[in-house]
Each structure stands twice: as structure tokens, then as C-alpha cells.
Protein chains: 2
Amino acid sequence: MWRDETGRSLADYPHPSVAVDVALLTVVDGALQVAVHRRAGHAAGELALPGTFVRIDETLAAAALRALREHIGVTGRSPEQLRVFDDPDRDDRGRVLAIAHVDLVPRDVLDDDVGLVAVDRRPRLTFDHDAMVAAAAEHVRARYRRDPDPAGLLGAAFTLAELQGLHEAVLGAPLPKDTFRRHVLADLEPTGGVRTGTVGKPARLYRRAG
Amino acid sequence: MWRDETGRSLADYPHPSVAVDVALLTVVDGALQVAVHRRAGHAAGELALPGTFVRIDETLAAAALRALREHIGVTGRSPEQLRVFDDPDRDDRGRVLAIAHVDLVPRDVLDDDVGLVAVDRRPRLTFDHDAMVAAAAEHVRARYRRDPDPAGLLGAAFTLAELQGLHEAVLGAPLPKDTFRRHVLADLEPTGGVRTGTVGKPARLYRRAG
DNA sequence: GTAATAGTGTCTCTGAGACACTATCGG
DNA sequence: CCGATAGTGTCTCAGAGACACTATTAC
């Protein structure tokens, strides 16, 4: 263990605590929603994002996954870092830096009883979690403007109508059919199959190329 | 002070130390350069970005400014957050999260004796500072692709040729004169003056429109 | 006048968007 | 056949880039 000239290690100096918070987004009812839980303990009853303190030998990703597991029973995703929230008054328990994360997952990886609120019509969240959700939504929306289903919410094969419906739900706005089609087609490859059992002309199935 | 049910405050739990590092960029000799210093103390002699540990009651911005002041005597800028570097082995003194920052400043706010290395031909830096510089350069380049001199390196008035030269230096690539002109003109307003004392037709002066 | 730099007119190409059209299914 | 959804041809518009041209200064 490293020591400075006075024999103290780094941890002996007072320093901020570090937390991670995760805006776990999903699409339900044609709209982008975020998973929240009701706090127990400090600020009990308020709606909050899943979060936890980062342990000394843990990566941010590991802490984020632990928070998801402990609060809402989700495992196996890989949240992405957004940015650090460092307002000195953001947590009245002490000095806490929070590193906001975001991930977008299919609805069915979440338990049925997980709390979900629509991103665009959400109630007040605790601490600065509102700003985290806003940043998270902007992040995934920017990616969905560029690429077809970058989070892979759709399965191995999907129709263009299904893809477009997903994008409209994420972006919260309708998209023109023909333009959308040409926009994404370069990044897709046809599987050869078609979607049957529906009314109208059967739609071709695609998967993401790459 | 908040206490948990066992009477301990947040700071009583072992938690990672937090540092800030700043990639302070500038343009010299027609190329993007980053300010470095030679470390004293730990890892002495290696080239490093200005950095410091974040004190418990300090914002990240304040810590970043303190690092710049202590290491290279720069004051008054406002570094922007890039992202957190959290490899558990990134600092062999202990567990340290580093929050990389970036700023782009005019050469003349730096002391003459500040160490500068070209971003695109840089020597090895200590720890993970190489990756920080790469991220910082990509960040400012993305902004310079979009907007005319977003960092405000040029003074109150400048010619289009001066602006183009700056952008070429930041991006590290030549730009077509006519296209560049039309690209930035919408975001500029003419001051009415011209640059005199040069050879050729005098150039009109512009300022950034607000 | 010439050299040098500033600034513009215009053509082409590409991609977004709008619109209308054709294609193929179930019933 | 009809209703419904899938998929395409084509026109227009705007912006990027290339190229050649004109404009205005110092000398």
C-alpha cells in the first residue's frame, strides 16, 4: 500500500463518497419509460432511480449492475456512463458525487411489479434524478436517431413496421414511413423470411447488419 | 451530519478517492497541443496532465481549476467534464476514480515555460492520460466541426481566413475555402471593419453572432 | 500593370421529405 | 372483388463540395 511522506494512505484524506444511479429505460405502451422504486431509509417514500454507493474495489459498471440487481432484480445488462452530478447539496447525507448511467432494455427483462413512469410525463423524482432521466432520454434518443435499434430491443428478426414503431416510441414522435425505410435499410439485411399471420401483405423480416 | 443506524456517517465507509485531470488544449504552430507537466513525487519524471484529488467540499469544476493553477499557473477558464476513468489498476497508489476534463484556451493564457505536446504526435503519458487526451481531442474536434470557434480562441473580430486556419489546426486537416465560408457565415455577423496592412484584398472582419 | 488574397456564381451530387403509385396478402 | 398493409418511383428542396470566375488591395 502506497503511503505519503506522513505515512497516510490516500483513503486517510477526507474525500467525497461516490454513488452510481441508473436510468433504466424501456418501451411500454408505445412510450419510453424509466424504472423507479420507492426509497426506504433516507428520503423514504420518494421515487428514485436505482442507485448505490461505489465500493472501494468495484468498477462503476459493477456498482451499476449491483444497484439494478438489489433494487429491481435486473441482471446482465451493461449500463453506459452519462456524466457526474456534483452539486455539493445534491444529497443531504453528506458529500456524494453521483455518476449517472443509462441503459435501454426490453420490457420482459423487468419484473412485472417494477415501477415504471413515462419519461415525458414523469412525476418529481428525488435528489437530482430528474436531470439524470432527462440526460438519459436525450442520450438514447440521439442514438435512435442515427441507427436502427442500437440497443437491440427487437429480437433476431423484425419487420420494418416493428422497427419503425419502436423508434417512434423511443423518440416520442411519428416518423415518415418511406424516409424511415430508406434511412435504416442500409444497416439491415433481409433474413429471407416474412411475417405471416397478419392482415395485409406479409412484411419481409430483417436483422441488423454488421 | 447524517448517521446510519450504526452511527456511522457516509465518510466512515471505505470508498474510492476521486481525482480530476484536465486536458488543457491550445493551438500552436498550426496544430492542437496539450499542456503537460513532469510529475514530482509519485511516478516522478513522467509526463502527466494537470490533476489533483477532489476535496470533500469542492465541486469538480473547482478542483479542475485548482489543478490548473497549481500545476501550470492557469486561471479563469471553465473545463468541461468528459467522463470517468475507473480502471481499478489505473493508479497504483490506491483506488482512484479520475474524472477527465477538457478545455481549449488561447496560447497566451499559458506561461511561456508550460510543456506542450502535439495531440497527434504525443509521447507516452502516465497512467491513462493518453486515453484522456484522445477523448478530449475528439470532443473539441466534434464541436469545431459544427460551430465556428466555439471555444472563443479568436478575439472579438477576425477574418474568415483566420477562422479557417484555426479550424484546420484544431481538426488537423485542410478545409475547402468556399464550403467552409458558407458553412460558418450563418453564425457570424460582420463588424463592418476590414483587416488592413496585409497583402492582397483586405478581408472583412466578423464576430460570432449571439 | 502584376501578384496576392478575398469573395461569389453556379453546377453536380446526395440525402431528406412528400406524394402517389404499385404489390401482395386474407377473406 | 375489397380492405389492409408492404414496398417503390419520382419530384423537390437544401446543403456539401468542386471549380471557375470576379473583386480589391499593395506594390
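Quick note on labels: first sequence line is chain A, next is B, and so on, each numbered from 1.
With distances taken from any side-chain atom of A:Pro202 to the nucleotides C:dA4, C:dG7, C:dT24, the minimum falls on C:dT24. Of the candidates C:dA16, D:dG7, D:dT24, C:dA16 carries the atom nearest the A:Thr179 side chain, counting heavy atoms from C-beta on.
The distance from atom CZ of B:Arg181 to atom P of C:dG9 is 12 Å, rounded to the nearest whole Å. One interatomic measurement links the two molecules: CG of A:Leu185 to P of C:dA16, which rounds to 12 Å at whole-angstrom precision. Atom CZ of A:Phe158 is separated from atom C1' of D:dA6 by 16 Å (rounded to the nearest Å). With rounding to whole Å, B:Arg146 atom CZ is found 14 Å from D:dA16 atom P. Rounded to whole Å, atom P of C:dA6 lies 9 Å from atom CD of B:Gln164. Rounded to whole angstrom, the span from the CG atom of A:Asp178 across to the C1' atom of C:dG15 amounts to 13 Å. Between the CZ atom of A:Phe180 and the P atom of C:dG17 there is a distance of 12 Å, rounded to whole Å. Atoms CG (B:Leu175) and C1' (D:dG17) sit 12 Å apart, rounded to a whole Å.
Here B:Thr198 lies in heavy-atom contact (under 4.0 Å) with sugar-phosphate atoms only.
Comparing B:Thr159 and A:Pro176 against DNA chain C, the residue whose closest nucleotide sits nearer the 5' end is B:Thr159.
Between the side chain of A:Arg182 and the base of D:dT10, at least one donor-acceptor pair of N or O atoms lies under 3.5 Å. At a cut-off of 3.5 angstrom, counting only N and O atoms as typed in the model, there is no donor on one side facing an acceptor on the other between the side-chain of B:Lys201 and the base of C:dG7.
Taken to the nearest 0.5 Å, the CG atom of B:Leu153 stands 9.5 Å off from the NE2 atom of B:His167.
The shortest distance between the side-chain N/O atoms of B:Arg204 and the OP1/OP2 oxygens of C:dG7 is below 4.0 Å. Phosphate contact (OP1/OP2 of C:dA16, side-chain N/O of A:His183, threshold under 4.0 Å): present.
Under 4.0 Å is where a charged nitrogen must lie from a carboxylate oxygen, and between B:Glu138 and B:Arg145 at least one such pair does.
When only modelled atom types and interatomic distance are considered, A:Thr52 and A:Arg66 share a side-chain donor-acceptor pair under 3.5 Å.
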Between A:Trp2 and B:Asp92, is a side-chain contact (heavy atoms from CB on, under 4.5 Å) present by the stated rule, with each step listed?
CA-CA 8 Å; A:Trp2 177 89; B:Asp92 52 14; 5.9 Å; no
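Cation-pi check for A:Arg83 over A:Phe85 is met; the charged atom lies under 6.0 angstrom from the ring centroid and within 45 degrees of its normal.
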